[in-house]
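Structure, as structure tokens:
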Amino acid sequence: MASSAVLARAAALRQEIERHNHAYYVLDAPTIPDAEYDRLFRELQALEAEHPEIVTSDSPTQRVGGRPLDAFPKVRHAVAMLSIRTETDTEASGARAFDARVRKELGLSDADPQVEYNAELKFDGLAVNLRYEGGVLVAAATRGDGETGEEVTQNVRTVHAIPLRLHTDAPPEVLEVRGEVFMRRDDFERYNAKQREAGKPTLVNPRNGAAGSIRQLDPKLAAQRPLSFFAYGLGEVLGWTHAPATHSATLDALEKLGVPVCPERRVCRGADELVAFHAEIAARRDTLPFDIDGVVYKVNRFDLQRELGFVTREPRWAVAHKYPAQEQLTVVEAIEVQVGRTGALTPVARLAPVFVGGVTVTNATLHNQDEIDRKDVRVGDTVIVRRAGDVIPEVVAVVIDRRPEPAPPRFDILQSYPACPECGSHVVRLEDEAAVRCTGGLYCPAQRKQALLHFAGRRAMDIEGLGDKLVDQLVDRGLVHTPADVYGLDLETLAGLDRMAEKSAANLLAAIDASKTTTLARFIFALGIRNVGEATAKDLARHFGSLDKLIAAKEDDLMAVRDVGPIVAQSIAQFFGEPHNLDVVRKLRDAGVNWAESAGVQQSAGILTGKTLVLTGTLPTLTREAAKDKIEAAGGKVAGSVSKKTDYVVAGVEAGSKLAKAQELGVAILDEAGLLALLEPHDAPGQRTLDF
Ligand code: IVH
């Protein structure tokens, strides 16, 4: 038998753990570090394992879930779970119509005062009834048909926001709390990302996620789904002294008992205030952390609620005032691609027009080939389209049951678009990249503006005054197709553009002329080759010394350049393999763009060539950038995370998990002095890197 000291310790631990749970999951204000929480939890688990007889149903250890069930037991609700009348008029008139009905039923005239309502959100999840007896959660059930539901106690216990015991010393004999189990959007995204990574099935939307988890027969699986809960009403209540007389006071009281209640609620007097609430929440709908499909108005006073009563299963005292749906079904009529400013071909579903999220949608992004494959979207499919706020509409999922027979073929971007629809250049998908890209670069009109801005940039050709407003005009008016055309512009043409006067046009011409004399590194960088940044451009220029040698280089030759791996080498080879690009280069040279060439300097390998280092914490003298520069100058790579492939971890003050990981994996650990010592031979005069 457990001693009273053990019992007391277990009770104290339970209370403390649940207090932290509440702070974390309900108040969103964690009180202790996770490690400390884990320690308390393990202590309680150990106590209970040693003394199984002391386990209580409200112990936080019982949230984790027991054995899988064969089926959920049916339970009859002590008080029926009603549904709610929906006002389909999504305009303000919907709220006015409800207020008018209530006033009429109550026999109020225009001279009578405003009716008081509680306005709240309509959560999009699954309704549940939580039964507390003597303050302890003893059962939880779904709504079912309103009379009989399914007992889902095990799964509901896994929802950390739901208290296993009410926060009071004088609990009602029975208190049934009704509310919605739902999934926050960020939890949904995070869960899906994790599933995707593990190659496991993803959830279609947060609502299905919530409903599916609660109906999951294995509570261990349910426990892995991040669910939340908000209370919105009561079921059976027995022995509640000082029970509130209004709905709003009830929600306040529930909140004090530790039950999560959504803070977005307001007591409103009359229709105008309901209309204002509806409009305010509509404006903020997309910034709420969870999905709602409307707001709910309830007559606040319980005595008036009783007076109003019900029609069939719907109370006359409540109404759901909807917002336009953010998800709808429609049919994919075609799949096409759009070429973005970086040359990425983004697949777009052309849809049968559908009204969703307040507008008519005819296109939805499919992101990339991986997303098409994952969702298996095909032409002819019926799909769920989502449009929330100003976000680009997207295809959420295919309704497989409605796929036409025989099934249409899978869609493959490369197969359907071997050439860029904008410029006809080759289309490629690089290893390790999600996007399929047009190799047209400067030649492709879709990429032209972006390419021109990059070309004229300060660190590239440095053409002062050639900014985005001008580039827009030059491209839109067909005056510039490739950067080579910039060198053919004359004073008259430039002065004729919007916001350009004779003087500014003359200045721009001078800047264009001055840019002709440049360096090979700047020129290579200006070409905007994918994966070739400023540093790589410098390395390439130094290594090859001449543009023609660079153009002629094979992938293997390119990989001999410091820091150039297979991906960069492939990008460069592809760029110069495209005749359009060679044409632009030739025209630029013909226009007088010039630089000094050299024989090229084939680097001897640096001391850190082929090594990967990770920096963590604050170093005593070097900034992170400076340390990175030094490592790269010695041929090393700096990575963001520690793995088995890491050669050294350089740790400074307050190094955190990366250091721990390095120790765990047995990776060599250096401090700043150690790093500098390692680099020393490289700084010897003979091996100093050249400044370009
Ligand atoms: S009150 C007597 N309030 O909407 C009215 N319901 O059919 C009982 N819901 O299944 C419901 N948010 O799951 C109420 N703030 C809210 C709600 C809400 C969502 C759901 C509930 C129910 C359905 C109504």
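Each ligand, and each atom within it, is numbered from 1 in the order the structure gives.
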Next on the checklist: Need the ligand 1 atom indices (1-based, order shown) with element for anything under 4.0 Å from a heavy-atom of Glu120.
Outcome noted: 3 (N), 15 (N), 16 (C)
Next on the checklist: For the 3.5 Å polar cut-off, considering only N or O atoms, please tell me whether Leu126 and ligand 1 meet it.
Outcome noted: no
Checklist entry - Are the charged groups of Asp187 and Arg190 less than 4.0 angstrom apart, N to O? => result yes
Checklist entry - Does Lys298 come within less than 4.0 Å of ligand 1, judged by its heavy atoms? => result yes
Checklist entry - Any idea which of Tyr297, Phe123, Tyr232 brings a heavy atom closest to atom 21 (C) of ligand 1? => result Tyr232
Item to check | Spacing of Ile281 atom CD1 and His321 atom NE2 [to the nearest 0.5 Å] | outcome: 13.0 Å
Item to check | N or O contact, Arg143 vs ligand 1, cut-off under 3.5 Å | outcome: no
Next on the checklist: For Arg14 and Glu48: C-alpha separation, side-chain torsions, deciding distance, then whether salt bridge (charged side-chain N to carboxylate O under 4.0 Å, His left out) applies.
Outcome noted: CA-CA 11 Å; Arg14 284 176 197 137; Glu48 290 180 346; 2.9 Å; yes
Next on the checklist: Let's go through Glu280 and Arg266 carefully: what are the C-alpha distance in whole Å and the side-chain angles of both, what is the deciding distance for side chain to side chain contact (heavy atoms under 4.5 Å, CB included) to 0.1 Å, and is it a yes or a no?
Outcome noted: CA-CA 12 Å; Glu280 244 172 72; Arg266 184 183 303 163; 2.6 Å; yes
Checklist entry - Is ligand 1 under 4.0 Å from a heavy atom in the side chain of Pro315, in the backbone, in both, or in neither? => result side chain
Checklist entry - Identify the closest protein heavy atom to atom 8 (C) of ligand 1: which residue and atom is it, and at what distance? => result Leu82 O, 3.8 Å
Checklist entry - For ligand 1, is any non-hydrogen atom under 4.0 Å from Lys122's backbone (N, CA, C, O), its side chain (CB onward), both, or neither? => result both
Checklist entry - Quick one: which of Ala127, Ala80, Gly233, Ala320 has a heavy atom closest to atom 10 (O) of ligand 1? => result Ala127
Checklist entry - Nearest protein heavy atom to atom 24 (C) of ligand 1, by residue and atom, and its distance? => result Ile84 CG2, 2.9 Å
Item to check | Nearest protein heavy atom with distance in Å, relative to atom 13 (O) of ligand 1 | outcome: Glu180 OE1, 2.4 Å
Checklist entry - With backbone taken as N, CA, C and O and side chain as the heavy atoms from C-beta onward, which portion of Met81 lies under 4.0 Å from ligand 1: side chain, backbone, both, or neither? => result neither
Item to check | Aromatic ring proximity, centroids under 6.0 angstrom, Phe277 and Tyr117 | outcome: no
Checklist entry - Between His278 and Tyr323, does the ring centre distance come in under 6.0 Å? => result yes
Checklist entry - Do Arg184 and Asp291 meet the salt-bridge criterion of a basic N to acidic O distance under 4.0 Å? => result no
Item to check | Within-shell test, Trp317 vs ligand 1, heavy atom, strictly < 4.0 Å | outcome: yes
Checklist entry - So Phe123 and Phe182, would you call those rings parallel, tilted or perpendicular, with 30° and 60° as cut-offs? => result parallel
Checklist entry - Can you list the steps and then say if Asp124 with Lys122 is a salt bridge (charged side-chain N to carboxylate O under 4.0 Å, His left out)? => result CA-CA 7 Å; Asp124 208 4; Lys122 186 161 192 304; over 6 Å; no
